[in-house]
Amino acid sequence: MIDSNTYYDCIIVGGGIAGLQAALQLGRYSAHRVLVIDAGVGRSTLCQNYGNLLGFPDGVSGEELRDIGRQQSEPLGIEFHADRILEAQKKDDHFLLKGAEGESYRARTLLLATGLIDRFPRLPGLRETLGFSVYVCPDCDGYEIEGRRTVVMGSGEAGAQMALILTPRTDQLLYINHEGKPFKPETMQRLQEHGIEYIEAAVQSVSHGSGGMLESVQLENGQSIAAERGFIAFGGNHVNSELAEQLGVETLHNHHIETNPRSKMTNIENVWVAGDLAAHSEQANIAMGEGAQAAIWIHKTLSKLKSPAVVRSGK
């Protein structure tokens, strides 16, 4: 149970890849009391295989990375607590956070690593393939579809653009417009010019073999489409920027946040952002780098305070 009168040097909201790397970095200074508050769900809990991370030639799941990060951080004194933070306020000398069950948390500095939520239909069989043979990021995993029969399951313009981005990787592309949303006529022309097949129909389920390897996609009209690899691109991903906005952090039109390129601090003093909440290429390795960089500057800031934050009582 967290004591609501405890003042932390830093609270990290979000226990994904960015938040954990920041926690590890801060813990190695052995000078700060740090709390990671995590809701337990996010992009890293969905990806079952990151294939482009140094040190993991066979890939590693998001859940395994999260477990490793926690195991590395806890012996350094990093505290963890499960909660979903709903409110954030700036007080005179600290930040006040409130969770879904009414708990309160206080800290001198704040790192928001709340990420985003991918929008896609929860089709039978789809989740089991994510990271193994169905992907979301062409920069991370375009390599995986080289020369293979690949189906893009998406919606409107977002799905069509994903198919076009993938054309240098394979000439065996099919775009299934699952939601039937219209897109630009010129985009349709480009699909045709690149020889990309197009079907406007709802997907019913995804079939896969052992190891989450895609085998076929079943449509609601009864058609079965054989495929070796897949991408999803439905657009409308939800960026978890609500807490940042409550604190007055400036957001872009798409709700991502631009930070100081050196320190990763936002326009609000002592509020940092790292990971997919930030405006950057959405890759796990970049999230790690941002988490570490933010932590370095959080440490610099805390070191300049006249009285390091300690456990104390009072409002």
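This structure is a prediction, so every number in the text was calculated from the model and none was measured.
In this structure, T129 contributes its side chain and L126 its backbone to a donor-acceptor pair below 3.5 Å. Between the side chain of R229 and the main chain of I145, no donor-acceptor pair closer than 3.5 Å is present.
With respect to the salt-bridge test (charged N to carboxylate O, under 4.0 angstrom), the residues R43 and E282 qualify. Remark: R84 does not engage E103 in a salt bridge, criterion side-chain N to carboxylate O under 4.0 Å. In this structure, R66 pairs ionically with D38, as a charged nitrogen and a carboxylate oxygen lie closer than 4.0 Å. Between E258 and K264, no side-chain nitrogen of the basic residue sits less than 4.0 Å from a carboxylate oxygen of the acidic one, so the salt-bridge criterion is not met. R169 has a carboxylate O that lies under 4.0 Å from a charged side-chain N of E146, or vice versa, which qualifies the two as a salt bridge.
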Please list every donor-acceptor pair under 3.5 Å in which a side-chain atom of residues 180-189 meets a protein atom from a residue at least two apart or in another chain.
| residue | atom | partner | partner atom | Å |
| --- | --- | --- | --- | --- |
| T187 | OG1 | E157 | OE1 | 3.4 |
| T187 | OG1 | E157 | OE2 | 2.8 |
| Q189 | NE2 | E193 | OE2 | 3.2 |

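In this structure, CD1 on I165 lies 6.5 Å from CD on Q161, to the nearest 0.5 angstrom. The CG atom of N177 sits 13.0 Å away from the CE atom of M153 when rounded to the nearest 0.5 Å. With values rounded to the nearest 0.5 angstrom, T109 atom OG1 is found 8.0 Å from F95 atom CZ.
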**OP:** Report the C-alpha distance between K90 and E269 in whole Å, list the side-chain angles of each, state the deciding distance to 0.1 Å, and finish with yes or no for salt bridge (Lys or Arg N to Asp or Glu O under 4.0 Å).
**Re:** CA-CA 10 Å; K90 177 69 171 72; E269 187 176 10; over 6 Å; no
**OP:** Kindly indicate, with the supporting measurements, whether the criterion ring pair (Phe, Tyr, Trp, His ring centres under 6.0 Å) is fulfilled by Y105 and H81.
**Re:** CA-CA 11 Å; Y105 314 87; H81 188 63; 5.8 Å; yes
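H94 and Y7 have perpendicular rings, their planes meeting at more than 60° on a 0 to 90° scale where under 30° would count as parallel.
For the pair R122 and F120, the cation-pi test (distance below 6.0 Å, angle within 45°) is passed.
Between Y50 and Q283, the side chains place no donor N or O within less than 3.5 Å of an acceptor N or O (distance only, hydrogens not considered). Judged by distance alone, the side chains of H178 and E200 never bring a donor and an acceptor atom under 3.5 Å apart. For the residue pair S224 and Q218, a side-chain donor N or O sits within less than 3.5 Å of a side-chain acceptor on the partner.
The 12-atom threshold is not exceeded at CZ of R28, counting heavy atoms of other residues, nucleotides or ligands nearer than 6.0 Å.
With a 4.5 Å cut-off on side-chain heavy atoms, L54 and N285 do not count as touching.
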